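Here is how names work: the chains are called A, B, and so on, in the same order as the sequence lines, proteins then strands, and each is numbered from 1. Remember, it's a predicted structure, so these values are computed and weren't measured experimentally.
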Amino acid sequence: MVRYDPASAEPKWQKAWDEAECFKAHDEGGKPKYYVLEMFPYPSGKIHIGHVRNYAMGDVIARFKKAQGFDVLHPMGWDAFGLPAENAARDNGGHPREWTYGNIEVMKSQLKRMGLAIDWSREFATCDPEYYVHQQKLFLEFLKKGFVERRESLVNWDPVEMTVLANEQVVDGKGWRSGAPVEKKSMSTWFFKITERADDLLEALDDGRLEGWPAHVKEMQRNWIGKSEGLKMAFPLSGSDLPQDDLPIYTTRPDTLYGASFLGVAPDHPLAKHYASTDPKVAAFVTECAAQGTSEADIEKAEKKGVRLPVTGRHPFTNEELPVYACNFILMQYGTGAIFACPAHDQRDLDFARKYGLPVKPVIQPLGGHGTDLKATAEPSCETDDGRTEAHTGPGTMIHSEFLNGKSTDEALPAAIEKIAEMGWGEGTTNYRLRDWGLSRQRYWGCPMPIILCGDCGTVPVPDDQLPVGLPEIDPSEFKTPGNPLDRDCAKAWREVSCPKCGKDAKRDTDTMDTFVDSSWYFARFASQPEDEPVDKAQADAWLPVQQYIGGIEHAILHLLYARYFTRMMQECGYTEQSEPFTNLFTQGMVTHATYKDEAGNWLFPEEVEVRGKDAFTVDGGKPVKIGAIEKMSKSKKNVVNPMSMTDNYGADAVRFFMLSDSPPERDVEWTEAGAEGAARFANRVHEAIAKGEGLLRSTGAPGADLSDELMALRRKTHKTIDGVTGDIEHFRFNKAIARLYEFLGALKGLKTDGDAAPVAAEALRVLTQLTAPFMPHLAEECWAMLGGEGLCADAAWPKADESLLEDDVVTLPVQVNGKRRGEIKVSPDASQDEVQKIALEQDDIARSLEGKTIRKVIVVPGRIVNVVAG
RNA sequence: GCGGGCGUGGCGGAAUGGUAGACGCAGCGGACUUAAAAUCCGCAGGCCUUGGCCGUGAGGGUUCGAGUCCCUCCGCCCGUACCA
């Protein structure tokens, strides 16, 4: 018998699919539409095993939905702008464009080798001018509608490299390459006013529009938007050289106002900056904070520190003068950048108060237990039972708070707001953690802003007939110089233009757009790509929203929130009826691999290592190798495998199959060679089983009604497998679908293919082939052809389970005594509870276990279990 | 720090509150072979002498019954706004 040979079969069937235009989406036609999309890849050089997992999942869905009769759109493209292309140009010479398109070519051929059911006719890269011209048009439309504006913002500035740094490029407050302390610099940049949509973005998480999203992703977005109800109020200031009369603060805990012991402002708050200009101590502190990382984690994890400012603020209720500090844990971007601190009921405030000897005034008596004898005191309080001291941030009863005394915290909150509003000091307000989306990037390899900056007219849109604003040709050597080449002489001719409004000398905006903009509407462009506008509404809405979106959890917040926001803006501009882009979302886990180190502690690639049992050795030399932790694949630890060499070894089907077989798709999966071998073995076993039924689909009809028990059992197994695998695919339980395929293949052992058995075998083998097809599409075609199936397996209709064959005529029920399994009984599935109870109590093992005991209760769960309670 | 996730045999993992360990990997035994590879068949959570006992990160709780629900704790991973 001929063994299955993926190396010859896979290219053969890929060609057959191509020629039949099997996976082309049809805009016209009466079939229901289904849009399945995986997050498009960044063209980094070659495909990663993580891509294989992602696209294998989408491919299962695409093929499954096609078989179920849908007109499927399953496109592919490239998220092609971004910093790595410039880094590559700097390090290796060449132009970012060449590097990017070269990578795309390689990765496309690699994806094709995977045999994915993709409609390649809709492919584009975001760096194609034909794509970004429409992005520039959208930007200008959004500008006209007031969704975008230009304003000042702070960035990480590397004074040596003369460039803006990403947060990840700031290490310990220093630039990653130069090592120079990073400065915070103010620049005029563009913002999408996403905060204006915060409420709708939040509401849609709960009003049913995103029912098909994982709850945890919605929770993450909810927290990210961070809506809070609170109080905005101003504390009147006194002191020398006052730049402002009062200090507006924001708090979500106005109930703790009587516990206030100081006021705090962010280090980059105008008040702090004002005193920094005259007081060296304040200046030193502000500079120190500016050097601290800008990321939220850095700020929150840093030791709580501050510096006293020469002002005090008057407490509106007590008239007490509270000291004002600049504190490193206050964020200028959140609220008003200023707070009142209540150390007794906020941990950060308490840490700070301890350090600087500030009073701690408890005003909430915790519910129940400890803390009942609290007094207003300058000492740290709220001791817990084990002697630690921590702030009580939970609910309780108000004390030492005049008009609030005796109220619960829930009652005190609105009461305090009302009183402050009455007195005219402030008002209740809603605040969001979400900030506007700054989209300007001081980089070359991105979509240019279609804006001209004129000294007289300000920001002027580039006229429509001059779009796209392309990237100027730049000599590759320019990328060796740090900073944005668009700002330098090499781009002078491109940059210096006359103002379209007044005709005077002006210059282009040299910033390019955040690459998140590129990925915020690509899914719409896949659905419809007219030449003269971003999308055609009718055509786009025929496909949108994406029914199934699949990608990494790392995009749970930013990309998905931005895409949701963009869809709303496009809706308002009349490009779609939709407000939400993705109906169902699935977030898949990462691919991990063991790490290896040689005796000297150097990382080794998996192909340099031979694993024998629990030990490992180098391939050349046989020196001992230390096996380390199983971790996310990363170049630095060399624990990466090349999907293409794996495909050479085992076949694309086996690689795809293994990626889906071992772990639930939302969880991380560990790549192992043994697993890929197992998948290849499965392919061979299927091929072998099918070979027994060669031509059977041509030579035999449907199974008859009068069959032996054995053949009936096989038919039941066949139909139960259809039912199970169908449900598993629908619910993204690919690992379980595959387990069922293994089980089914096992049940086909010793299959007879003659006489009465022929039609039953034909049915079983056809079902095996078709259920395997979404996972191993090439093998399935080979099997389909062997069985004598008509046309391509990829075009065949999905098998339907016969309901009458899904139930057995006898069920086995476990019987427990006091919750422990003591025996089992066989009963008819429709036996009454009384009958089941009777049979259970008479069963030998059960009767023995019950000897000398009194039966108190018998619980019968139909079709499940019997539990006898006895004592 | 905050937010999210995960924790079950040697390993990946199954299990609408109802037989814990389906299925796979590695392992062991057997068949085939001069031999090996490949393939096929079988065994397999742990502990005690055939029937039990113990077992789902730790500790409590709810229940006739808990891997699953509740509370407390431990460990690991991800996100944290200019990486994509």
Side-chain angles (χ1 to χ4, degrees), chain A residues 3 39 41-42 44 79 81-84 87 153 155-156 164-170 189 214-217 219-220 222-224 226 294-302 304 329 333 347-348 433-443 514-516 518-519 552-559 561 587 589-590 592 613-614 629-632 658 661-664 666-670 672-675 677-679 681-682 684-685 688 733 735-736 738-743 746 749 812-824 856-859 861 863-870:
Chain A
R3 280 175 70 85
M39 292 178 185
Y42 179 77
S44 55
D79 188 12
F81 273 136
L83 200 49
N87 290 342
S153 74
V155 294
N156 299 311
V164 176
L165 297 178
N167 277 333
E168 67 157 19
Q169 297 172 325
V170 180
T189 59
H216 67 270
V217 173
E219 182 65 16
M220 285 163 90
R222 215 171 275 129
N223 290 323
W224 188 256
T294 46
S295 84
E296 201 182 334
D298 289 342
I299 290 166
E300 287 285 332
K301 270 192 286 202
K304 309 293 172 275
F329 59 92
Q333 307 96 311
Q347 193 57 46
R348 291 168 304 185
R433 196 179 152 277
L434 181 70
R435 310 202 292 256
D436 277 339
W437 171 14
L439 71 139
S440 299
R441 297 289 180 270
Q442 295 69 37
R443 319 256 184 245
D514 179 7
T515 55
F516 274 123
D518 310 339
S519 55
I553 185 70
E554 64 274 23
H555 294 291
I557 298 171
L558 294 183
H559 162 59
L561 194 66
T587 54
M590 295 178 305
T592 61
K614 280 187 179 151
I630 293 157
E631 295 187 54
K632 174 182 179 172
F658 171 59
S661 69
D662 233 30
S663 287
E666 68 276 13
R667 232 186 273 177
D668 291 353
V669 64
E670 186 194 350
T672 60
E673 296 262 329
E677 279 163 23
R681 201 152 47 222
F682 175 80
N684 272 316
R685 286 174 60 203
E688 207 170 300
R733 297 183 297 234
N735 56 324
K736 288 180 68 183
I738 286 172
R740 272 185 225 275
L741 292 176
Y742 270 107
E743 217 181 313
K749 214 173 277 172
T812 304
L813 292 189
V815 183
Q816 298 179 330
V817 175
N818 293 334
K820 293 193 187 221
R821 186 177 180 278
R822 288 292 184 255
E824 60 182 37
R856 299 192 199 282
K857 200 171 165 189
V858 180
I859 291 142
V861 185
R864 275 288 175 192
I865 202 167
V866 180
N867 190 11
V868 184
V869 186

Please state the [atom1] separation for the pair [N] and [M] - nearest whole angstrom.
N	M	atom1	answer
B/G21	B/G29	C1'	22 Å
B/U68	B/A58	P	11 Å
B/A66	B/G61	P	12 Å
B/G67	B/G75	P	25 Å
B/G55	B/G9	P	14 Å
B/C69	B/U16	C1'	14 Å
B/C25	B/G13	P	16 Å
B/C77	B/G30	P	44 Å

[atom1]-[atom2] distance between [X] and [Y], expressed to the nearest 0.5 angstrom:
X	Y	atom1	atom2	value
A/His559	A/Asp518	NE2	CG	11.5 Å
A/Phe81	A/Arg443	CZ	CZ	14.0 Å
A/Leu813	A/Ile865	CG	CD1	8.5 Å
A/Trp224	A/Leu561	CH2	CG	9.0 Å
A/Ser663	A/Glu670	OG	CD	8.5 Å

Respond yes when some side-chain nitrogen or oxygen of [X] is under 4.0 Å from OP1 or OP2 of [N], and no when none is.
X	N	answer
A/Arg681	B/A26	yes
A/Arg667	B/G7	yes
A/Asn735	B/G12	no
A/Lys857	B/G65	no
A/Ser661	B/G24	no
A/Lys820	B/A66	no

Kindly indicate whether the side chain of A/Ile738, heavy atoms from C-beta on, has any atom under 4.5 Å from the side chain of A/Asp662.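 No, every pair of side-chain atoms sits at 4.5 Å or beyond.
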
Within-4.5 Å side-chain heavy-atom neighbours: A/Gln816 and A/Val866: no

Among the nucleotides [options], which one has an atom lying closest to any side-chain atom of [X]?
X	options	value
A/Ala739	B/G18, B/C82, B/C23	B/C23
A/Ile859	B/C82, B/G18, B/C23	B/G18
A/Ala674	B/A26, B/G13, B/C83	B/A26
A/Pro664	B/A14, B/C82, B/C83	B/A14
A/Glu670	B/C11, B/A84, B/C82	B/C11
A/Ile865	B/A81, B/G4, B/U19	B/U19
A/Met220	B/U19, B/A22, B/G3	B/G3
A/Tyr42	B/U19, B/C82, B/A84	B/A84

Would you indicate what [X] reaches in the nucleic acid, counting non-hydrogen atoms under 4.0 angstrom: base, sugar-phosphate, or nothing?
X	answer
A/Trp224	base
A/Ser663	sugar-phosphate
A/Asp668	sugar-phosphate
A/Ala556	nothing
A/Pro41	nothing
A/His559	nothing
A/Gly675	nothing
A/Val869	sugar-phosphate
A/Ser440	base
A/Asp514	nothing
A/Lys749	sugar-phosphate
A/Arg443	base
A/Leu741	nothing
A/Arg433	base

Under a 3.5 Å cut-off for both distances, is [N] Watson-Crick or wobble paired, and to whom?
N	result
B/A14	none
B/C43	B/G27
B/C73	B/G57
B/G79	B/C2
B/U62	none

Answer yes or no: is there an ion pair linking A/Arg222 with A/Glu219, defined by an N-O contact shorter than 4.0 Å?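 Salt bridge between A/Arg222 and A/Glu219, a charged N being under 4.0 Å from a carboxylate O: yes.
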
Let me know the distance between [atom1] of [X] and [atom2] of [N], rounded to the nearest Å.
X	N	atom1	atom2	answer
A/His216	B/C77	NE2	P	18 Å
A/Gln816	B/A20	CD	C1'	12 Å
A/Arg822	B/U19	CZ	P	15 Å
A/Arg685	B/C41	CZ	P	7 Å
A/Ile557	B/G4	CD1	C1'	8 Å
A/Ile553	B/G3	CD1	C1'	12 Å
A/Leu439	B/C83	CG	P	14 Å
A/Glu688	B/U39	CD	C1'	8 Å

If we ignore hydrogens and angles and just use 3.5 Å, is the side chain of A/Asp79 paired with the main-chain N or O of A/Pro41 as donor and acceptor?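 Side chain of A/Asp79 to backbone of A/Pro41, a donor-acceptor pair under 3.5 Å: no, none is there.
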
By nearest heavy atom, map A/Phe81 and A/Arg435 onto RNA chain B; which one lands nearer the 5' end?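 In this pair, the answer is A/Arg435.
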
Closest-nucleotide ordering on RNA chain B, the 5'-leading residue of A/Lys304 and A/Lys736: A/Lys304

Base of B/G9 relative to its sugar, syn (within 90° of 0) or anti? syn

Check the angle between the aromatic planes of A/Tyr742 and A/Phe682 and answer parallel, tilted or perpendicular using the 30° and 60° thresholds. tilted

